[in-house]
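Below is one structure, written out as structure tokens; comments come after it.
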Number of protein chains: 2
Amino acid sequence: MARPSSTTTTGRRRASHSMEAVLTEAVALLDEAGPSALTFRALAQRLGGGVASIYWYVASKEELLDRATDHVVGQVLVEVEALPESDDPIDDLRAMALTLFDAIVARPWLGAYFMRNTVVQGSSLRLYDRLGRQTLRLDLTAQQRFHAVSAVVGVVVGTAVDLGQEPPQEVLDGAVDRDEFLGRYAATWRELDVEEFPFVREIVDEFDGHDDLDQFRAALDLALAGLRLQAGARGDP
Amino acid sequence: MARPSSTTTTGRRRASHSMEAVLTEAVALLDEAGPSALTFRALAQRLGGGVASIYWYVASKEELLDRATDHVVGQVLVEVEALPESDDPIDDLRAMALTLFDAIVARPWLGAYFMRNTVVQGSSLRLYDRLGRQTLRLDLTAQQRFHAVSAVVGVVVGTAVDLGQEPPQEVLDGAVDRDEFLGRYAATWRELDVEEFPFVREIVDEFDGHDDLDQFRAALDLALAGLRLQAGARGDP
DNA sequence: GCGCAGTATCGAACATCGTTCTATGTTCTC
DNA sequence: GAGAACATAGAACGATGTTCGATACTGCGC
């Protein structure tokens with residue numbers, strides 16, 4: 001039906017794929033040119049095979065996306081598990097979230113796809129558990145723990161989604177870099193009426209050329225400060 | 001070229017659309033059957049016209065999505081602006097975020113599309129300004145204000161995205177309701193090894209049948225607690 | 001050696017989607 | 001009434017996900 005175990009095929013004239021190769025090339029396509037570049041035909045060409053062959057490994061594009069996402073989340077999971085454990089669970093939670101965010105910055109398409117089946121199984125569920133495990137070291141109710149991890153994941157995904165917007169062709173081509181891209185919006189915003197858009201005018205300089213990581217870190221730290229408060233903030237016994 | 005100003009057309013035999021009708025029907029399609037149901041052909045059929053006619057009002061599907069999103073965000077904006085102002089800016093910010101979240105719960109597809117051009121113009125920018133305006137009443141730096149609103153929007157979007165996952169066909173048909181849907185995952189999770197997934201096992205009862213609004217409110221309150229801390233929490237002068 | 005089931009591959013065709021082209025009707029203005 | 005702008009469509013194009021049927025390769029019993 002599906003899923004080969006080991007393909008020691010010599011692959012003479014015909015193409016021999018293996019699930020690993022399919023996923024690797026799929027991720028490569030996503031990395032190089034974004035989600036719109038991942039088509040069965042493009043993928044088949046990269047694998048040096050036919051279009052329909054891919055369907056032997058994957059039942060649909062949805063499954064391809066799921067597996068490709070899980071493939072890279074697995075790598076993130078390894079990084080997260082390699083993180084040293086300190087005596088402050090919240091610090092550890094912070095480090096994990098930052099690791100996850102870094103991965104999304106490196107692969108913006110991940111932001112949009114990360115929540116696919118998060119809840120279902122595989123590496124995402126494991127990652128979810130690793131995050132939540134830190135809350136077990138805090139003095140909280142089960143519900144508070146559930147909500148705390150939801151909040152952290154929410155901040156990550158929320159920031160990541162807006163980061164994962166498929167950028168206009170200009171910046172993909174490298175014709176326009178990110179700073180100039182931001183600068184254009186900033187310029188528009190500076191034209192707005194102060195009475196009508198007082199806040200936008202207030203923060204336009206902050207927005208112009210801002211660092212996504214700073215933005216994320218600030219949002220994360222707000223939520224974690226709230227969590228620390230909730231956990232009682234009582235130090236060592 | 002495009003964009004009619006006022007269409008007082010009588011519309012006898014031929015279909016007469018008007019931008020309003022196009023957007024209304026587009027939103028209706030999204031509401032009824034999710035993003036995958038919004039095709040130019042389905043939309044044309046609903047409007048009683050041809051496919052190509054829609055292109056007189058919008059240049060592309062991207063623009064259709066942008067305008068449809070802005071259309072409903074405009075309604076949210078009205079609700080947000082109708083909110084009474086208290087003497088606590090953070091409470092007001094909270095109320096606004098909850099209003100926004102309610103709108104997304106009612107229209108799950110909004111979660112995924114909300115960030116489209118958020119930053120660009122139209123109702124989304126106005127909404128962004130209304131949210132941020134509350135931070136002007138707090139004792140913060142411009143950067144802190146920028147980050148605070150990013151955090152709040154991040155929490156909203158982050159929670160909303162995972163909510164906006166196009167639900168499986170079963171629940172769209174109404175054959176399976178949300179509680180049962182959650183229950184299935186919960187059942188899978190309960191089978192997991194406690195040693196391997198201690199956190200998932202800890203919160204599975206919380207997850208089963210949980211309320212999205214509670215989850216969101218908890219995440220929001222964590223971030224707002226952090227913000228309150230940052231703002232100094234010094235009451236009236 | 002032979003057949004045969006399972007494994008693995010692929011070309012061609014299909015339906016659908018966004019989009020474009022071209023033509024036609026409608027309404028307003030002079 | 002003629003022409004310009006507005007407004008509407010049908011048909012076709014190219015791309016995409018997907019299915020179908022045919023074909024090859026592999027390991028195994030005999």
Side-chain angles (χ1 to χ4, degrees), chain A residues 1-23 25-26 29-30 33-69 109 113 116 166 168-169, chain B residues 1-26 29-30 33-69 109 113 116 166 169:
Chain A
M1 218 64 100
R3 255 213 287 183
S5 48
S6 71
T7 22
T8 39
T9 44
T10 46
R12 217 165 321 279
R13 187 90 351 241
R14 291 168 142 255
S16 105
H17 298 167
S18 90
M19 179 104 267
E20 257 293 310
V22 170
L23 261 31
E25 291 304 321
L29 273 170
L30 288 168
S36 61
L38 178 55
T39 70
F40 275 83
R41 286 170 177 85
L43 184 54
Q45 191 166 12
R46 268 183 101 108
L47 291 165
V51 194
S53 304
I54 304 170
Y55 279 88
W56 195 85
Y57 296 92
V58 170
S60 66
K61 179 153 195 188
E62 194 178 322
E63 191 183 320
L64 176 63
L65 254 351
D66 284 344
R67 282 194 196 269
T69 303
W109 55 271
Y113 293 151
R116 296 180 66 89
E166 195 148 14
Q169 199 56 39
Chain B
M1 217 65 96
R3 249 208 298 179
S5 49
S6 70
T7 21
T8 39
T9 43
T10 45
R12 215 164 325 279
R13 184 69 27 218
R14 290 167 142 260
S16 107
H17 298 165
S18 87
M19 177 70 75
E20 258 293 311
V22 170
L23 261 31
T24 303
E25 292 304 321
L29 273 170
L30 288 168
S36 61
L38 178 55
T39 69
F40 276 82
R41 285 171 176 86
L43 184 55
Q45 191 167 12
R46 267 182 102 108
L47 290 164
V51 194
S53 304
I54 304 170
Y55 279 88
W56 196 85
Y57 295 93
V58 276
S60 66
K61 181 156 193 185
E62 194 180 320
E63 189 183 322
L64 176 64
L65 255 350
D66 284 344
R67 283 193 195 270
T69 303
W109 55 270
Y113 293 151
R116 295 180 66 88
E166 193 146 16
Q169 200 55 41

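Please read all numbers here as calculations on a predicted model, not as lab measurements. Just so we're on the same page: letters track the sequence lines, and every chain starts at 1.
With rounding to whole Å, A:Leu43 atom CG is found 12 Å from D:dT16 atom P. In this structure, A:Gln45 atom CD and D:dT16 atom P are separated by 11 Å, rounded to whole Å. With rounding to whole Å, B:Tyr55 atom OH is found 16 Å from D:dG10 atom P. Distance A:Trp56 CH2 to C:dC10 P: 13 Å, rounded to the nearest Å. One interatomic measurement links the two molecules: NZ of B:Lys61 to C1' of C:dT16, which rounds to 11 Å at whole-angstrom precision. Counting to the nearest Å, the P atom of C:dG18 and the CG atom of B:Asp66 are 15 Å from each other. A:Met19 has its CE atom 15 Å from the C1' atom of C:dT9, to the nearest Å. Straight-line distance from the CZ atom of B:Arg41 to the C1' atom of C:dA15: 10 Å, rounded to whole Å.
Between D:dA9 and B:Ser53, a contact under 4.0 Å exists linking OP1 or OP2 to a side-chain N or O.
Remark: side-chain polar atoms of A:Ser53 are not paired, donor with acceptor, to backbone N or O of A:Gly49 under 3.5 angstrom. With B:Lys61 contributing its side chain and B:Phe40 its backbone, the two residues share no donor-acceptor pair below 3.5 Å. Side chain of A:Tyr113 to backbone of A:Asp66: no donor-acceptor contact under 3.5 angstrom is found.
When each of D:dG17, C:dC17, C:dA8 is scored by its nearest atom to the side-chain atoms of B:Thr39, the top-ranked nucleotide is C:dC17. Comparing D:dT19, D:dG10, D:dT18 by their nearest atom to the side chain of A:Ala52 picks out D:dT19.
You'll find the side chain of A:Thr39 stays beyond 4.5 Å of the side chain of A:Leu29, heavy atoms only.
Looking at heavy-atom distances under 4.0 Å, A:Leu38 makes contact with sugar-phosphate atoms alone, never a base.
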